[in-house]
Amino acid sequence: MHACIGVVAFNPSCLPWNESKGIMVRILSALGLVMFSVALLILSLISYVSIKKDAIFTAPKYPIGGGGGGPRMYMFHTGFRSQLAMKFLDPAFTPLNNALNENLQENSSKWKFNKTGYLEQSKEIAQYIDVPRNFTLTKSSVRVGQLMHYDYSSHKYVFSIGENFRSLLPDSSPILNKRYNTCAVVGNSGILTGSRCGAAIDAYDFVFRCNFAPTEVFRRDVGRRTNLTTFNPSILEKYYNNLLTIQDRNNFFLSLKKLDGAILWIPAFFFHTSATVTRTLVDFFVEHRGQLRVQLAWPGNIMQYVNRYWKTKQLSPKRLSTGILMFTLASSLCEQIHLYGFWPFGWDPNTGKELPYHYYDKKGTKFTTKWQESHQLPTEFKLLFKMHTEGILKLSLSHCA
Ligand SMILES: *[C@@H]1O[C@H](CO)[C@@H](O)[C@H](O)[C@H]1NC(C)=O
Ligand SMILES: *[C@@H]1O[C@H](CO)[C@@H](O)[C@H](O)[C@H]1NC(C)=O
Ligand SMILES: *[C@@H]1O[C@H](CO)[C@@H](O)[C@H](O)[C@H]1NC(C)=O
Ligand SMILES: *[C@@H]1O[C@H](CO)[C@@H](O)[C@H](O)[C@H]1NC(C)=O
């Protein structure tokens, strides 16, 4: 009897046989009801989605690049991954279409740099972010044993700065007092595929790239020069098998060698999930000290400052994209910034054809809307496009040659 105290309601075995059977029956019928409602819910969701789908395909209201009889929009070919994908239909995005359309059809040579506007904005950014300082931690800005937190993780997660980690930090910010005339920030959108923008991109004084994106194979479209690329530590897990084999280590070494003296910008303190790979990365760099020319930069907890600036422009997603973060940093380094590969949609605005998400995605990879959960790429894009029309930056969306 002791075993039953307090759990009678959940434990029919504690009751005499007949009563127990009655409860079982009641539980079973309750379960049946629950399952029935779940099935109903699923059915109604399915029909809701297919109704939406029909509505979209029978009434194409978004004639970008079409100008009437032109190509139709195929933005929903890739299916309905989530209700959030519906944000593509956000009416707030529609007014952009005419402007975008005009812009793509006109000569891009019509774009004029608004130097006053750009300088004004750079100054504003500098009021929120000390870019050279936020760019990287330095040997003198941390001490061994210091506990770092993560920008996007619960405060309970910490990373203890070790001697090895500290030894990889630069003595001073590599961008201190640096100034470049023209900069390209290259995003990874599939819009670059077939763009033949490689030569144009390579002509800039300083080329920013995101997430260690491959260039060699795609050089005709994206160029081969890199002066800075971001490197989320999780790349080790995703593309280099956590450096578990000699082959993986060789591949990684060769990729780094190709970067020559470029800056590898490693946001190790954004997500606590980076902790383990960061240690693997640190060990690797310590082991190969003196064998690579790549300059390491390790930003600390900087997103609060960056977020605060963009919030003044009514942009405050859970997470800003790496692309807009690079633009933010570039504003203190560059006299003029042009963006390539910034286009978070699944269709080409020039042709209406379907696009992969990244330019380096394998053929047939479907456009993903997974980022919708934390990023607000369409809202970001809208803001960047507005800045483009004001001449503050140049957003390249058409083919180059
Ligand atoms: C675009 O500019 C080039 C030279 O700058 C000119 O030859 C061409 O006709 C222009 N095209 C349009 C559509 O204005
Ligand atoms: C230049 O930029 C400023 C600040 O964003 C803006 O107010 C102004 O309208 C822009 N000038 C032109 C010619 O677009
Ligand atoms: C980033 O810059 C802000 C000022 O803009 C400064 O208060 C903060 O300490 C810097 N943080 C890091 C980690 O560099
Ligand atoms: C940028 O990188 C290229 C090689 O990719 C190099 O030739 C050039 O000197 C670099 N520019 C700067 C300003 O570091």
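Ligands are counted one by one from 1 in listed order, and the atoms in each one are counted from 1 as well.
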Check: Arg133 N/O within less than 3.5 Å of ligand 3 N/O |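 Yes; the residue has a nitrogen or oxygen that sits under 3.5 Å from a nitrogen or oxygen of the ligand.
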
With a 3.5 Å distance limit and no angle check, can you tell me whether [X] reaches the backbone of [Y] through a side-chain donor-acceptor pair?
| X | Y | result |
| --- | --- | --- |
| Asp202 | Arg225 | yes |
| Lys139 | Asp171 | no |
| Ser195 | Asp221 | yes |
| Ser189 | Pro344 | no |

Around atom CZ of Arg179, are there more than 12 heavy atoms of other residues, nucleotides or ligands at under 6.0 Å?
-> yes

Atom indices of ligand 3 within 4.0 angstrom of [X] heavy atoms, with elements:
| X | value |
| --- | --- |
| Ile129 | 5 (O) |
| Tyr128 | 5 (O) |
| Asp130 | 2 (O), 4 (C), 5 (O) |

Hey, which atoms in ligand 2 end up nearer than 4.0 Å to a heavy atom of Ile392?
->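 Numbered from 1, ligand 2 contributes 5 (O).
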
Pull out every atom of ligand 2 sitting under 4.0 Å from any heavy atom of Asn114, numbered as shown with elements.
->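 Close to Asn114: 1 (C), 2 (O), 3 (C), 8 (C), 10 (C), 11 (N), 12 (C), 14 (O).
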
Do any nitrogen or oxygen atoms of Glu390 come within less than 3.5 Å of a nitrogen or oxygen of ligand 2?
->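 So ligand 2 has an N or O lying under 3.5 Å from an N or O of Glu390.
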
Can you list every pair where an N/O of ligand 4 is under 3.5 Å from an N/O on the protein?
unit_1, atom_1, unit_2, atom_2, d
ligand 4, 2 (O), Asn227, OD1, 3.4
ligand 4, 2 (O), Asn227, ND2, 2.3
ligand 4, 5 (O), Thr226, N, 3.4
ligand 4, 11 (N), Asn227, ND2, 2.9
ligand 4, 14 (O), Asn227, ND2, 3.3

Would you indicate whether the side-chain heavy atoms of Leu236 and Phe231 approach each other to under 4.5 Å?
-> yes

Centroid-centroid distance, [X] to [Y], less than 6.0 Å:
| X | Y | result |
| --- | --- | --- |
| Phe212 | Tyr239 | no |
| Tyr359 | Phe218 | yes |
| Tyr150 | Tyr152 | no |

